[in-house]
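Have a look at the structure below before the remarks.
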Amino acid sequence: MSTTADPLAALGALPGVAESVESVRKAVDRVYGHRIMRRRSNAVTSEAALRAARGSAALSGAGWALEEVRRRTDFGTDDEARVMGAALRLTAEAGQLLSIWRQSPLRVLARLHLVAAASDESRVGRPRQAGEAVDEPLIELPLPDAREVSGRLDGLADLIIAGSSAPALVTAAVVHGELLALRPFTSHNGLVARAAERIVLIGSGLDPKAVCPAEVGHAEQGRAEYLAALEGYVSGTPEGMAAWIAHCGRAVEFGARESTAVCEALQRGAA
């Protein structure tokens, strides 16, 4: 990452990033301009949240059909059900943490992990310590040690608190990518990273009604492409960083497209 005074803004200047930002803005504007959003935006937001949780859970190994997510009420019976339950809780919780994020992002991340884990174990809700294992089997990248995790988390928090002139997409992509690269908690890092991305996109004003769920788009692009893009972020090269930001941009666009379809269905009276 750049060492300039505003490293996030420097990433926004990478080749191709401005085009991704503009494409995302157009996609978001199309959803917000739909006539249904003037009358039934709450319904669109609720549906987007459900689909966001489903998408995030799919990337963590719980590939359920949408109707299965609607139907189920017990999310503690097996590993996939617990992942889905965690994703649903995080999606609901993210909207409650917007006002805290800019002042205390590490506190928010701790809260997200507590919500995801739904446990009172001592290792829950804090960054992992030296020697603690990480349960994140779907991400096989090298794991930074606890000291590096602590330093980089502090650096990420400093960037968020200081603010940036970078587009919201860039900030959201960096938060998401950094948390996946670090895997700072002993479990549920993917779910937490995607919830944090959600907080940035909503809190920045890019998607204030939470109707463009990036989680949907990440899942739609597939786990293989998601992990390949993440490798680009971890490489730290300009090309790799730009590719990750573009991937996150496409995810938001796919989420916007999904909610546009929801708007059309509501308009026809079919949803």
Side-chain angles (χ1 to χ4, degrees), residues 50-66 68-69 72 75-91 93-94 109 112-119 121 123-125 127-128 131-146 148-149 152-153 156 172-199 213-236 240-241 243-248 250-252 254-255:
L50 188 71
R51 296 178 187 222
R54 174 180 176 262
S56 190
L59 289 168
S60 288
W64 289 15
L66 187 60
E68 178 75 357
V69 183
R72 289 284 289 268
F75 295 101
T77 55
D78 55 50
D79 287 347
E80 285 198 8
R82 283 189 284 273
V83 168
M84 185 61 69
L88 287 165
R89 291 192 300 273
L90 283 173
T91 303
E93 185 74 11
L109 293 175
L112 290 174
H113 189 238
L114 278 168
V115 169
S119 167
E121 293 182 14
R123 60 184 178 173
V124 170
R128 56 187 168 84
E132 290 183 327
V134 175
D135 181 14
E136 204 74 39
L138 300 178
I139 300 177
E140 299 178 351
L141 294 168
L143 190 68
D145 64 27
E148 181 178 353
V149 167
R152 287 174 62 175
L153 278 179
L156 181 63
V174 168
V175 167
H176 185 173
E178 192 71 355
L179 293 174
L180 285 179
L182 294 177
R183 279 147 290 163
F185 302 108
T186 57
S187 64
H188 300 93
N189 290 287
L191 294 173
V192 168
R194 292 183 287 275
E197 179 187 48
R198 179 180 183 83
I199 287 172
E215 301 93 330
V216 169
H218 288 303
E220 187 167 332
Q221 293 178 84
R223 189 181 299 149
E225 188 168 335
Y226 182 66
L227 295 177
L230 176 61
E231 287 182 6
Y233 177 87
V234 172
S235 75
M241 299 291 284
W244 170 250
I245 294 167
H247 173 88
C248 292
R250 288 191 297 274
V252 177
F254 284 137

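The residues of the chain are indexed from 1 along the displayed sequence. Heavy atoms only: backbone and side chains are in, while hydrogens, waters and symmetry mates are out.
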* All side chain to side chain donor-acceptor pair (under 3.5 Å) counterparts of E121, not counting sequence neighbours -> R123
* **Closest non-hydrogen atom pair between N189 and L180, with its separation** => O-CD2, 4.4 Å
* Counterpart residues, side-chain contact (heavy atoms from CB on, under 4.5 Å), relative to L153 (two or more places apart) -> L106, L109, P127, V149, L179, L182, P184
* Main-chain N/O of L156 paired to E178 side chain as donor or acceptor, under 3.5 Å -> no
* To do: For residues V192 and F185, report the shortest heavy-atom separation together with the two atoms involved.
  => CG1-CE1, 4.1 Å
* To do: With sequence neighbours excluded, tell me which residues meet salt bridge (charged side-chain N to carboxylate O under 4.0 Å, His left out) with E93.
  => R111
* **For S119, all residues meeting side chain to side chain donor-acceptor pair (under 3.5 Å), sequence neighbours excluded** => none
* Asked: With A173, which residues qualify under side-chain contact (heavy atoms from CB on, under 4.5 Å), at least two apart?
  -> W244, I245, C248
* Under the side chain to side chain donor-acceptor pair (under 3.5 Å) test, which residues partner R72, sequence neighbours left out? -> E68, T77
* Looking only at heavy atoms, which two atoms of L90 and A195 are closest? And how far apart? -> CB-CB, 4.2 Å
* **Donor + acceptor pair across side chains of R194, S56 (<3.5 Å)** => yes
* State which residues pass side-chain contact (heavy atoms from CB on, under 4.5 Å) with V234; sequence neighbours excluded, sorted by chain then number. => L141, A181, L230
* With sequence neighbours excluded, what pairs up with E225 under the salt bridge (charged side-chain N to carboxylate O under 4.0 Å, His left out) test? -> R250
* Asked: Between P144 and R128, what is the shortest heavy-atom contact and its length?
  -> O-NH2, 2.7 Å
* Asked: Which is it for E197 and V175 under the side-chain contact (heavy atoms from CB on, under 4.5 Å) test, yes or no, and what are the steps along the way?
  -> CA-CA 6 Å; E197 179 187 48; V175 167; 5.8 Å; no
* Any donor-acceptor pair under 3.5 Å linking the side chain of E215 with the backbone of R54? -> no
* For V83 against A62, the heavy-atom pair lying closest together -> CG1-CB, 3.9 Å
* **Set of residues satisfying side-chain contact (heavy atoms from CB on, under 4.5 Å) with respect to T91, sequence neighbours excluded** => A49, A52, A53, R198
* Under the side-chain contact (heavy atoms from CB on, under 4.5 Å) criterion, do Q221 and Y226 qualify, and how do the steps go? -> CA-CA 7 Å; Q221 293 178 84; Y226 182 66; over 6 Å; no
* **From L143 atom CG to R183 atom CZ, the distance as rounded to the nearest 0.5 Å** => 5.0 Å
* To do: Using ring pair (Phe, Tyr, Trp, His ring centres under 6.0 Å) as the criterion, list what pairs up with H188, not counting sequence neighbours.
  => none
* **Residues L138, L59; criterion side-chain contact (heavy atoms from CB on, under 4.5 Å); working and verdict** => CA-CA 8 Å; L138 300 178; L59 289 168; over 6 Å; no
* Structure fact -> Shortest non-hydrogen pair, F75 vs V69, comes out as CZ-O, 4.2 Å
* Applying side chain to side chain donor-acceptor pair (under 3.5 Å), name anything that partners S187, two or more places apart in sequence or on another chain. => H113
* Under the salt bridge (Lys or Arg N to Asp or Glu O under 4.0 Å) rule, what pairs show up with a residue in residues 79-89, not counting sequence neighbours? -> D79-R82
